[in-house]
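Below is one structure; the comments refer to it alone.
So you know, we letter chains A, B, ... as the sequences are listed, proteins then strands, and number each from 1. Every value quoted in this text rests on a predicted model; they were computed, and no experiment measured them.
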Protein chains: 2
Amino acid sequence: MAKRSSIKDVASRAGVSVTTVSHVLNDVPGKRISDDTRSRVRQAADELSYRPNSMARSLRLQRSHILAMVSDQIATTPHAGQIILGAQEAASKRGWLLMLVNSGGDRETERAEILALQQRQVDGFLYATMYHQVVDVPAELGDSAVTLLDARCDDRRIPSVAPDEVQGGQVATQLLLDQGHRRIGLINNADDIPATEGRLTGYLSALREAGIEPDDDLVERGRSEASGGYAAGLALLDRDPRPTAIFCFNDRMAMGLYQAAAERGLRIPEDLSVVGFDNQELIADGLRPGLTTVALPHYEMGAWAVETLIRRLEDPDTPSEQVLLRCPVVERGSVSPPAASPGA
Amino acid sequence: MAKRSSIKDVASRAGVSVTTVSHVLNDVPGKRISDDTRSRVRQAADELSYRPNSMARSLRLQRSHILAMVSDQIATTPHAGQIILGAQEAASKRGWLLMLVNSGGDRETERAEILALQQRQVDGFLYATMYHQVVDVPAELGDSAVTLLDARCDDRRIPSVAPDEVQGGQVATQLLLDQGHRRIGLINNADDIPATEGRLTGYLSALREAGIEPDDDLVERGRSEASGGYAAGLALLDRDPRPTAIFCFNDRMAMGLYQAAAERGLRIPEDLSVVGFDNQELIADGLRPGLTTVALPHYEMGAWAVETLIRRLEDPDTPSEQVLLRCPVVERGSVSPPAASPGA
DNA sequence: GCGAGGCTCGACAACGTTGTCAAGCACTTC
DNA sequence: GAAGTGCTTGACAACGTTGTCGAGCCTCGC
C-alpha cells in the first residue's frame with residue numbers, strides 16, 4: 001500500500017544528502033563520516049525500514065546479482081528437487097537470486113527463454129539437464145557466464161559438475177561384496193548415456209578388484225523403468241545358478257525387480273539382495289523392505305555450480321574446473337548376506 | 001563479450017533521437033512517425049540485435065513484470081512440478097517472469113526471502129503449499145498482491161485455487177460403482193487436512209447417491225505413506241465379507257495396499273480393484289498393474305493462479321475469487337468389475 | 001594572523017528507459 | 001505574405017542508485 005521509501009526519504013529524514021546515506025549504508029571504505037551522522041542515517045533508515053531498490057542499484061552497477069538455471073525438465077521432474085534446493089540456498093547465502101526456467105526440452109522455447117533472461121540482465125547461467133548428459137551449450141549462451149549442472153561438455157573452458165557414476169557403481173557393488181555375495185547381477189539401462197556406461201564400469205571394476213571374473217550372463221539391460229526391471233529381473237532370476245544379489249541401474253528398475261522376485265517366490269533380502277540407484281524416496285521408502293540404494297549428490301551439485309558461477313563472475317580469471325561428485329550409499333533394508341551357499 | 005547495445009546505439013545508427021527509437025519500438029499509440037523513420041529505426045535495432053534493458057525499463061515504469069512463487073516445499077517435492085510448469089508457462093506467455101523460492105517450511109527464512117524479493121521489486125506473489133492447506137498469509141505480504149496456490153485462507157479478499165477434493169473423492173468412488181462394486185472400502189489419511197475430509201465426503205456422497213449406506217467398517221485411516229496403506233490394507237482385506245474394491249487416499253497408500261493384497265494372495269484387479277489419488281507417475285506407472293488414480297489439477301492451478309494475479313495487477317478492481325478445480329480420473333489397469341458375487 | 005592540511009559532506013553525472021511537452025517544418029488559407 | 005494547421009521529431013526530466021570530485025570548515029603550526 002504505502003509506497004516503498006527511497007534513499008531520498010532517508011536522506012531528508014536524517015538531514016543529510018543521498019550521497020551520504022549511500023556511503024553510510026554501504027560502508028564505503030575510505031569514506032570519513034562522523035559517528036554522529038552515521039547513526040542518524042542508520043536510525044532514519046531503520047525507522048523507514050528502508051530497503052534499497054535493487055533494480056536501480058543493478059542499473060547503476062551493471063550487475064543484477066541474478067542467476068538463471070535453465071534446464072530441460074528439472075523443475076518438473078521428481079528427480080532433482082535437491083539440485084534446485086542446493087543451488088537456491090547457495091545463491092541466497094551470498095545474496096544472489098536464482099531464477100528457474102524450463103525449456104521442456106524444446107530448443108526453440110529454450111532459445112526464447114534465454115533471450116528473455118539476458119534481456120533481464122541475468123548475470124550468469126546454470127545449464128542443467130534432467131540426468132547426467134553430454135550436451136552442446138546453446139549458442140545464445142556464448143557471451144554469458146555459464147556453468148553446467150548434471151552435465152558435461154567437451155569445451156573445457158566451461159565448468160561443470162556431474163555425479164561420479166563409476167564410483168557410484170563401484171560402491172553399490174562393493175556393498176554387496178562386503179556382505180559376502182559372489183554372484184552379483186546387474187540390471188543396466190539400455191540407453192547409451194554416461195550413467196549406463198559409468199555404473200557398469202564401476203560394477204566391473206569392483207568385481208575384478210575382489211578377484212571375481214565378471215560373468216556376462218549376469219548382466220541384463222532393459223528400459224529404465226519398472227517394467228524394464230521386471231523383465232530383466234525375471235531373466236536374471238531364472239539363471240542357474242541364480243545370482244544372490246542384483247545391482248539395479250535405478251530405483252524404478254529395482255521396483256520392477258521386486259515384482260519379479262515376488263513372482264518367483266523369492267524374499268528380499270533373505271533370498272535376494274537388491275541395491276538401487278538414485279535414492280528416489282517415493283520408491284525406496286515405499287517398497288517392502290526399504291530399498292538400499294545409491295544417492296545422486298544433487299544438493300551438492302547445485303550448490304557447487306552456483307558457487308563456482310559466482311566465483312567466476314566476481315573474478316573472471318578463476319580457472320575452469322570440471323568435477324565429478326561422489327555418490328553416497330543410503331542403506332535401507334534390501335541387503336543382507338547370502339543364504340548359506342545355495343548353489344555350492 | 002561485446003557489450004549489449006543500448007537504445008542510444010540504435011538511435012545514433014538510425015540517425016534519430018532515443019525518444020524516437022523508444023516510440024517506434026514500443027508502437028506508442030497516438031505518435032505520428034513517418035514510415036521512413038520507422039523502418040530505419042527497426043532496421044538499426046535489428047542489425048544491432050537490440051533488446052531493451054528491462055531493469056532500466058522496470059525502474060522507469062515502476063513495474064518489474066516479475067512474479068514470485070514462494071512455497072514451503074514445492075520446488076523440491078515430486079508432487080507438484082506441474083504447478084510450476086503451469087505457472088511458468090502462463091507467465092511467459094504474457095511476458096512475465098517467475099521466480100521460485102523455497103522456504104523449507106521455516107517462517108524465518110520465508111520472511112527473509114520475501115523481503116529480499118520485495119527489494120527486488122517483485123510485482124506480485126504466488127503463495128503455494130506442498131499440499132492443499134488452509135494457511136495464514138505471512139504479514140510481510142500484506143502490502144503486496146498475492147494469490148494462494150493449492151491453499152486457501154479465510155480472508156476472502158485474497159484469491160485462491162485449490163483442488164476440488166470432494167469431487168475427486170466422488171469421481172473415484174463413482175468409477176468403482178460404475179463397474180458394479182457395492183462393497184467399496186476407503187483407506188484414508190489420518191492427518192486432519194482438507195484432502196482427508198474432502199475425499200471422505202466425496203466417497204460418502206457417491207455411495208449414498210448410489211443407494212448404498214456407507215459402512216464404517218470399510219473405512220480405515222493410516223499414515224499417508226506406503227506403510228500406512230499396507231497396514232490399513234491388511235485390516236480391510238481381513239474383513240468378512242471382504243471389500244471388492246478400495247479407494248486409497250493417495251498413490252503411496254495404494255502402493256502399500258498392493259503389497260498387502262499380494263501378501264493375501266489377491267490379484268489386482270481380478271480379486272480387488274484399487275483406485276489411488278495424486279497420479280504420482282513414479283508409482284502409478286511403476287506398479288503392476290498400473291494404478292488407476294485421480295489426478296490433481298496441478299498444471300491448471302498454476303496457470304490459473306498466475307493469470308489471476310496478473311489480471312489483478314493490471315486492473316486492481318478485478319474482484320477476488322476463490323476457486324476449486326476439478327480432479328480428473330487417469331485410468332490404468334487396477335479397476336475391473338468384481339468377481340461374480342464372491343460373498344453373496 | 002595566516003596558510004596548510006585534515007576531516008566531513010554534498011553536487012553532479014551516469015546507468016537505460018519512457019512520458020511530456022514543445023519545437024521545427026511544410027503546407028494551407030485568407 | 002502572414003498566420004494558422006498538421007505532421008514529425010527531439011530535449012528534458014525522472015525512476016533510485018552509486019562513484020567521482022571538489023567544497024567547506026576546523027585545527028594546527030609558525
Side-chain angles (χ1 to χ4, degrees), chain A residues 2-42 44-45 48-66 95 116 118-123, chain B residues 2-42 44-45 48-66 95 116 118-123:
Chain A
K3 245 187 75 195
R4 313 269 311 281
S5 45
S6 83
I7 196 171
K8 277 187 199 161
D9 305 319
V10 179
S12 69
R13 173 174 265 255
V16 298
S17 73
V18 294
T19 307
T20 302
V21 175
S22 171
H23 289 339
V24 171
L25 263 23
N26 291 324
D27 267 326
V28 179
K31 279 291 160 182
R32 315 254 29 147
I33 293 179
S34 69
D35 286 347
D36 176 52
T37 307
R38 290 196 119 86
S39 61
R40 279 216 319 287
V41 170
R42 292 241 159 73
L48 297 172
S49 63
Y50 165 70
R51 320 226 142 231
N53 177 324
S54 39
M55 303 226 116
R57 175 183 268 168
S58 301
L59 180 60
R60 176 66 231 253
L61 264 20
Q62 298 293 79
R63 173 131 294 183
S64 64
H65 288 258
I66 296 184
Q118 284 174 334
Q119 180 164 356
R120 302 273 186 165
Q121 315 305 121
V122 161
D123 286 335
Chain B
K3 245 188 72 196
R4 312 271 311 281
S5 45
S6 84
I7 196 172
K8 277 187 198 160
D9 305 318
V10 178
S12 67
R13 174 174 265 255
V16 299
S17 72
V18 294
T19 308
T20 302
V21 175
S22 171
H23 289 340
V24 171
L25 262 24
N26 291 327
D27 267 325
V28 179
K31 278 291 161 181
R32 315 253 29 144
I33 293 179
S34 68
D35 286 349
D36 177 51
T37 308
R38 290 197 119 84
S39 61
R40 277 214 322 286
V41 169
R42 292 240 158 72
L48 297 173
S49 64
Y50 165 70
R51 322 224 142 232
N53 177 325
S54 37
M55 301 228 120
R57 175 182 270 166
S58 302
L59 179 60
R60 175 66 230 254
L61 265 19
Q62 298 293 77
R63 175 131 291 184
S64 65
H65 288 257
I66 297 184
Q118 284 173 334
Q119 180 165 358
R120 301 275 185 164
Q121 315 304 120
V122 161
D123 287 333

Could you state the interatomic distance from OG1 (B:Thr19) to CD1 (B:Ile7), rounded to the nearest 0.5 Å?
8.0 Å
Nearest 0.5 Å, what's the CG-NZ distance between A:Asn26 and A:Lys31?
12.0 Å
[X] side-chain proximity, nearest of [options]:
| X | options | result |
| --- | --- | --- |
| B:Lys31 | C:dT17, D:dC7, C:dT20 | C:dT20 |
| B:Arg32 | D:dT8, D:dC15, C:dG19 | D:dT8 |
| B:Ser34 | D:dT8, C:dT17, D:dT17 | D:dT8 |
| A:Leu61 | C:dG16, D:dG19, C:dT17 | D:dG19 |
| B:Val16 | D:dG10, C:dG16, D:dT17 | D:dG10 |
| A:Gln62 | C:dG19, C:dC15, C:dT17 | C:dC15 |

Atom [atom1] of [X] to atom [atom2] of [N]: distance rounded to whole Å?
| X | N | atom1 | atom2 | value |
| --- | --- | --- | --- | --- |
| A:Arg40 | C:dT8 | CZ | C1' | 12 Å |
| B:His23 | D:dG10 | NE2 | C1' | 9 Å |
| A:Asp27 | D:dG19 | CG | C1' | 16 Å |
| B:Asn53 | D:dT17 | CG | P | 17 Å |
| B:Arg63 | D:dG16 | CZ | P | 15 Å |
| B:Asn26 | C:dT20 | CG | P | 13 Å |
| A:Ile7 | D:dG19 | CD1 | C1' | 12 Å |
| A:Asp9 | D:dG16 | CG | P | 9 Å |

So does [X] get a side-chain nitrogen or oxygen closer than 4.0 Å to the phosphate oxygens (OP1/OP2) of [N]?
| X | N | value |
| --- | --- | --- |
| B:Lys8 | C:dC15 | yes |
| A:Arg57 | D:dG16 | no |
| B:Ser17 | D:dT9 | no |
| A:Gln121 | C:dG16 | no |
| A:Thr19 | C:dG10 | no |

When B:Tyr50 and A:Ile33 are each assigned the nearest nucleotide of DNA chain C, the 5'-most assignment goes to A:Ile33
So what does B:Leu59 touch, heavy atoms closer than 4.0 Å: a base, only the sugar-phosphate, or nothing?
base
Base, sugar-phosphate or nothing for B:Thr37? Non-hydrogen atoms, less than 4.0 Å.
sugar-phosphate
Heavy-atom pair of closest approach, residues A:Ala56 and B:Leu59
CB-CD1, 3.8 Å
Can you confirm whether [X] sits close enough to [Y] that some side-chain heavy atom of one is under 4.5 Å from a side-chain heavy atom of the other?
| X | Y | value |
| --- | --- | --- |
| A:Arg42 | A:Val24 | yes |
| A:Ser64 | B:Met55 | yes |
| A:Arg4 | A:Asp9 | no |

